[in-house]
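Note sheet for the following structure.
So that the names make sense, note that chain A is the first sequence line, chain B the second, and so on, each numbered from 1.
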Number of protein chains: 2
Amino acid sequence: MPRVSQQYKDERRREIVAAASRCFLEHGFEGASMHRIIAATGLSAGALYNHFPSKQELVLASARTALDRVLDPVEGTDEDAPGGGPAEWVTGLLERLAGDPAATRLLLITWGGAVSEPALAAVAGEHLGRVRDRVEERYGRWAVEDLGLDPERAREWVAMFAQAILSVLQGYVVQSCLLPGFDHDAYLDYARTLAAQ
Amino acid sequence: MPRVSQQYKDERRREIVAAASRCFLEHGFEGASMHRIIAATGLSAGALYNHFPSKQELVLASARTALDRVLDPVEGTDEDAPGGGPAEWVTGLLERLAGDPAATRLLLITWGGAVSEPALAAVAGEHLGRVRDRVEERYGRWAVEDLGLDPERAREWVAMFAQAILSVLQGYVVQSCLLPGFDHDAYLDYARTLAAQ
DNA sequence: GTCTATACCGCGATAGAC
DNA sequence: GTCTATCGCGGTATAGAC
């Protein structure tokens, strides 16, 4: 079982997901037909179905990839900038979104689809839970060490702070995609003010 | 041109939208087929198409109805409780959502669909803009009269407050639909704390 | 592994009697 | 206005040669 074969397949899958994501972004998960996706990959139907057994699997892979693009870089900063306060962390998260509007829009498409598609709901729900847990883990320690709160107060504070983070994230996604006249800088001001509490 | 005829048609349209909304809620806008919707209304295909010329119109009508269910009662309080502060207003809004989970879920479906469907984007964007304008109008005066801010400061404050309201609304919608272990009361605490600034 | 060609189904929408 | 029956298209997925 040669290892190159696995690498090749992974790379091919990555390319397919990238092409499919472009289609999903433009037409939605249901609106993007397999014909269109196949054309976007440059492959043939048979070839594509050798890598993904169904459209559903392709949808889930696209959603997971977009969701991870939001979270992974933020998790990366755990090691890069362990001393950053909550305000910097939130700002970094939002600027990551601002720099990748495609992933941001795919995030909103995923949330919408998750309402009526259990498999998507599982992916989206697990992702949101992971963001929350990451925040609680990171800033639970921070609240005790840098803020000097006693453990009980810190637990309360961090739970509310995590809720604020999620809410700010979701507000940014929805408003940046849908609100006419959305002001990116004003939103960052709001997020900074909120995180400074 | 008898007036009863118009009333009859309006009532019939309302019934159709209600049945269609139940289908959209369960299967999404694209996943719900006309066959299914027709069965849900109890009518026949021909009858339904006499009231709505296309599925698209039915989708837009459903989305508008769900969106209005969120905003209208809130606007109604403009006259019922003109003295309520921001915190009460936000709480009322969220409890309205909590009491109508179907409309809440349809809201999220609409936002998701709006990303790749311009007609839905227009409806959703106009609605979000209306919520924001309503907040700014209502609490712009409030900030000057009850909070005693000078006009310039009030303008800044109300812009940020409106952003906070939207964000809290959107956070509630996404989290209540998708986050495993979502805590309604904790979210209300967060919203109240935020509005008390 | 990848291709072409196609099966087969369910979709939105319509025709025409009543 | 409402019904039944149906059209034609485009959907996902597969078969079988290479």
Side-chain angles (χ1 to χ4, degrees), chain A residues 1-63 109 113 116-120, chain B residues 1-63 109 113 116-120:
Chain A
M1 195 190 301
R3 173 163 291 215
V4 269
S5 167
Q6 184 58 36
Q7 280 181 2
Y8 173 76
K9 287 187 76 165
D10 286 353
E11 176 60 20
R12 191 46 74 91
R13 275 178 64 102
R14 214 190 50 76
E15 289 169 7
I16 291 172
V17 167
S21 295
R22 271 180 272 125
C23 296
F24 292 144
L25 193 66
E26 192 174 356
H27 303 100
F29 286 137
E30 313 226 8
S33 73
M34 287 303 278
H35 288 159
R36 206 183 282 268
I37 293 168
I38 286 158
T41 60
L43 297 176
S44 66
L48 190 149
Y49 275 94
N50 268 339
H51 295 275
F52 290 90
S54 70
K55 183 181 177 181
Q56 161 110 300
E57 290 303 316
L58 203 43
V59 166
L60 294 178
S62 268
I109 294 178
S116 38
E117 176 63 58
L120 268 181
Chain B
M1 194 191 300
R3 173 165 289 220
V4 271
S5 165
Q6 184 57 35
Q7 280 182 4
Y8 172 77
K9 286 189 78 166
D10 286 354
E11 176 60 18
R12 192 45 73 93
R13 274 178 66 101
R14 213 190 50 76
E15 287 169 9
I16 292 171
V17 167
S21 294
R22 270 180 272 125
C23 295
F24 292 144
L25 193 66
E26 191 173 357
H27 305 282
F29 287 137
E30 314 226 7
S33 74
M34 286 304 277
H35 287 159
R36 206 184 284 268
I37 293 168
I38 286 159
T41 61
L43 297 176
S44 65
L48 190 149
Y49 274 94
N50 269 337
H51 294 275
F52 289 91
S54 70
K55 184 182 178 180
Q56 160 111 299
E57 290 302 315
L58 205 42
V59 167
L60 294 179
S62 268
I109 293 178
S116 40
E117 176 63 57
L120 268 181

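With hydrogens and angles ignored, the 3.5 Å screen pairs no side-chain donor or acceptor of R22(A) with any backbone N or O of A40(A). Checked by atom type and distance alone, the side chain of R36(A) never pairs as donor or acceptor with a backbone atom of C23(A) at under 3.5 Å. Although no hydrogens or angles enter the test, the distance criterion places no donor-acceptor pair under 3.5 Å between the side chain of S62(A) and the main chain of V59(A). At least one donor-acceptor pair closer than 3.5 Å links the side chain of K55(A) to the backbone N or O of A32(A).
Within the nucleic acid shown, S44(B) comes within 4.0 Å of at least one base atom, counting heavy atoms only. Across all strands shown, H35(A) has heavy atoms under 4.0 Å from base atoms, whether or not it also approaches the sugar-phosphate. Note on R36(B): nothing from the nucleic acid sits closer than 4.0 angstrom, heavy atoms only.
Proximity note for S33(A) (side chain, C-beta onward) versus dT14(D), dG1(D), dG11(D): the nearest is dG11(D). Here the side chain of K9(B) is nearest to one of dG1(C), dA5(C), dG1(D), namely dG1(D).
Each of A47(A) and F29(B) has a nearest nucleotide on DNA chain C; the 5'-most of these lies closest to A47(A).
Rounded to whole Å, the distance from CD on Q56(A) to C1' on dA13(D) is 14 Å. Distance, K55(A) NZ to dG10(C) C1': 14 Å, rounded to whole Å. Per the geometry, CD1 belonging to I38(B) stands 12 Å off C1' belonging to dT14(C), to the nearest Å. The interatomic distance linking F52(A) (CZ) with dG1(C) (C1') rounds to 15 Å, in whole Å. In this structure, CZ of R12(B) is placed 10 Å from P of dG1(D), rounded to the nearest angstrom. Between L58(B) atom CG and dC11(C) atom P there is a gap of 15 Å when expressed in whole angstrom units. dC11(C) atom P lies 13 Å from atom CD of E30(B), rounded to whole Å. Between the OH atom of Y49(A) and the P atom of dG1(C) there is a distance of 19 Å, rounded to whole Å.
Q56(B) is listed as a side-chain neighbour of L60(B), based on a closest heavy-atom distance under 4.5 Å.
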